[in-house]
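These notes concern the structure reproduced below.
Side chains are part of it too, since the values below use all heavy atoms of this structure and drop only hydrogens, waters and symmetry mates. Computed from a prediction, not measured in an experiment: that's the story for all the values here.
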Amino acid sequence: MSEEKEEASFSILTIYDEPEKRRNVPESPGISSQHEHHAQSQLGEACGPLQQLPRYPRQHDLAYQEMSCVSPQQWAPQALDRSELQATQLSEAESEEAEPGLSSPPGSEVGQPCPSPHPSEEVLSFLRAIPPVPDEVVVRQMTPHKSWKIGKLRHGKKVHSLAISSSTHHVYTCGHGYIRVWDESALHAWDHAPQAQLNLQDRQNCVLTCKLSPDEQSLITGGLSQTLTLWDLAPTPRIRAQLASTGPMCYSLAVSSNAQICLACFKGFVEIWDLQNQILIRKHEVPIYGSRCVDITGNKFWTGGEDTRLYSWDLRNYQRLQQHDLQHEILSITHDPSEEWLLVGLRMSDIVILHTHRREKFKAVLQKYVYHHNLKFSSCGSYFVSTLDESIRCLAAPSLQRLFQIEESTDILCCDVSSDNQYLVTGSKNSATVYQLLY
């Protein structure tokens, strides 16, 4: 077994509010470069010279290339301007264990940019001849600056999980005995009736977790029954298949980006399902107290729970790859759209940020005991939502700038962000609250 244990040594990041002078400044490569250079210089003064890790380009949408290629210095470049970032270098032992090949660009000193030759007059003349690009066709990475509460979905019982499908323009609230379906008109109302109610075959069943397929045309649910239910959502919701599971309670679900694999997390094991053929591939044993949450990134999957350890596993040979001791109970795991960064929500409100391939680990420390900690990344990758009991925080990625914060009157049990980045929905005691995201 090729297993590697990671010590709990993190760079510490601080969630911060945007300075007044930085408001309404659009993101651009030039600005990002200036921030990164400023971050490097300040971190160098505080911690000594830092070795810059190379970037590995990947074939992803431009909307989240910045997220998938960030370096340690870029995780909080804007926070450094307010001197609110307290950065602690990884331990020397861990730095020495970094993967081979991670070195500075040839011909440059550590922490210094490579000199570039001055462009020739022909190149400058060619660039001057290119007409400017109109602002309306420039694709910018947008982040919401606030939200507006626009509606309430009266589910009637605890909303243990929910999903928003931008494809079908519906919200699905799940709980004890049934799933309710809400159309877009209900999102803008306070006492609108659901469009449909999907009664579970066993009325004693409770849906604790649900996941949309990547195309948002189907939904898989799990909970207190020994079955996972696969729903077709269009044109009207109906059961496509019921997968007979071997555990009494499913805590968490994860679906691969190609919609072929589904992971279902039970106490002490994870079921790995082939969704295309609807067959169980493997019942994979995991630590009994490390099986509350599950997520999948590429050829790896991740589990965590009460034992405070985050485990990564190889989906091809099922060997344990890494073990991170996070010191507090793990309540949620999610990843960014590039599947290169993993977010882990802890019982003490801390958010751990891990690179899925490289030895880069960060932690935003809040140190407040909570009962519920949910994390959800936006589809564009420029921000994510963290709910801590009654609080909602929307944070920019990768800077951890607090975009807005909301306080609700009851504990938030679950949340979701629509893939078109227009709506945020939270589930609580007997209803779901709908927020319009404003840009």
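- Proximity of L200 to T229: side-chain heavy atoms (C-beta onward) are nowhere separated by under 4.5 Å.
- Put simply, SG on C262 and CD on Q260 are 13.0 Å apart, with the number rounded to the nearest 0.5 Å.
- Between S391 and E407, the side chains place a donor N or O and an acceptor N or O closer than 3.5 Å (distance only, hydrogens not considered).
- Residues N199 and Q197 have side chains that bring a donor and an acceptor to within less than 3.5 angstrom of each other.
- Between the OH atom of Y423 and the CD1 atom of I164 there is a distance of 9.5 Å, given to the nearest 0.5 Å.
- When only modelled atom types and interatomic distance are considered, Q217 and D232 share no side-chain donor-acceptor pair under 3.5 Å.
- Side-chain contact, S428 with E408: no donor N or O sits under 3.5 Å from an acceptor N or O.
- No more than 12 heavy atoms of other residues, nucleotides or ligands shown are found within 6.0 angstrom of NZ on K267.
- Using modelled atom types, one finds a donor on one side chain and an acceptor on the other under 3.5 Å when comparing E271 with T246.
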- [ ] Would you sort out whether V352 and K361 count as a side-chain contact (heavy atoms from CB on, under 4.5 Å), showing the intermediate values?
- [x] CA-CA 7 Å; V352 172; K361 301 190 296 183; 5.9 Å; no
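- A distance of 7.5 Å separates CH2 of W190 from OG1 of T433, quoted to the nearest 0.5 Å.
- With rounding to the nearest 0.5 angstrom, the OG1 atom of T410 is 7.5 Å from the CG atom of N430.
- A cation-pi contact, defined as under 6.0 Å to the ring centre and within 45° of the axis, is absent between K146 and F404.
- A 4.5 Å side-chain heavy-atom check between S185 and H192 finds at least one atom pair inside the cut-off.
- A 4.5 Å side-chain heavy-atom check between V434 and V171 finds every atom pair outside the cut-off.
- Side chains of V270 and W313 form no contact here, defined as non-hydrogen atoms less than 4.5 Å apart.
- Annotation: side chain of S147 is not in contact with side chain of L424 (no heavy-atom distance under 4.5 Å).
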TODO: Could you check I179 against W231 for side-chain contact (heavy atoms from CB on, under 4.5 Å), going step by step and ending with a plain yes or no?
DONE: CA-CA 11 Å; I179 298 171; W231 303 80; 3.9 Å; yes
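- There is a side-chain donor-acceptor pair under 3.5 Å between N421 and S379.
- In terms of modelled atom types and a separation under 3.5 Å, the side chain of S165 and the main chain of E216 share a donor-acceptor contact.
- Heavy-atom contacts from other residues, nucleotides or ligands closer than 6.0 Å to NZ of K300 number more than 12.
- Within the 4.5 Å cutoff, the side chain of L315 has heavy atoms near those of the I272 side chain.
- More than 12 heavy atoms of other residues, nucleotides or ligands sit less than 6.0 Å from atom OH of Y369.
- Between the side chain of S291 and the backbone N or O of F266 there is at least one donor-acceptor pair closer than 3.5 Å.
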- [ ] With side-chain contact (heavy atoms from CB on, under 4.5 Å) as the test, would you mind laying out the steps for L400 and T14 before giving the verdict?
- [x] CA-CA 7 Å; L400 294 188; T14 298; over 6 Å; no
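- Ring pair F377/F384 is tilted by interplanar angle, where 30° to 60° counts as tilted.
- By the 30° and 60° cut-offs, the orientation of the rings of Y318 relative to H284 is tilted.
- No donor-acceptor distance shorter than 3.5 angstrom exists from the side chain of S166 to the backbone of S418, with no hydrogens or angles considered.
- Rounding to the nearest 0.5 angstrom, the gap separating the CG atom in D274 from the CD1 atom in I281 is 5.0 Å.
- Crowding of Q242 atom CD: a count of heavy atoms from other residues, nucleotides or ligands under 6.0 Å exceeding 12.
- Checked against D350 for a side chain to side chain contact (heavy atoms under 4.5 Å, CB included), the options H328, Q327, K368 give a single hit: H328.
- The aromatic ring centres of H170 and W182 sit 6.0 Å or more apart.
- When only modelled atom types and interatomic distance are considered, T297 and H335 share no side-chain donor-acceptor pair under 3.5 Å.
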TODO: Under the side-chain contact (heavy atoms from CB on, under 4.5 Å) rule, what do S167 and D215 come out as? Steps first, then yes or no, please.
DONE: CA-CA 7 Å; S167 175; D215 64 3; over 6 Å; no
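- Here the SG-CG distance, from C174 to N205, works out to 10.5 Å after rounding to the nearest 0.5 Å.
- Within the 4.5 Å cutoff, side-chain heavy atoms of L228 are placed close to those of L253.
- Within 6.0 Å of the NZ atom in K157, the count of heavy atoms belonging to other residues, nucleotides or ligands exceeds 12.
- The shortest side-chain heavy-atom distance between H155 and Y178 falls under the 4.5 Å cut-off.
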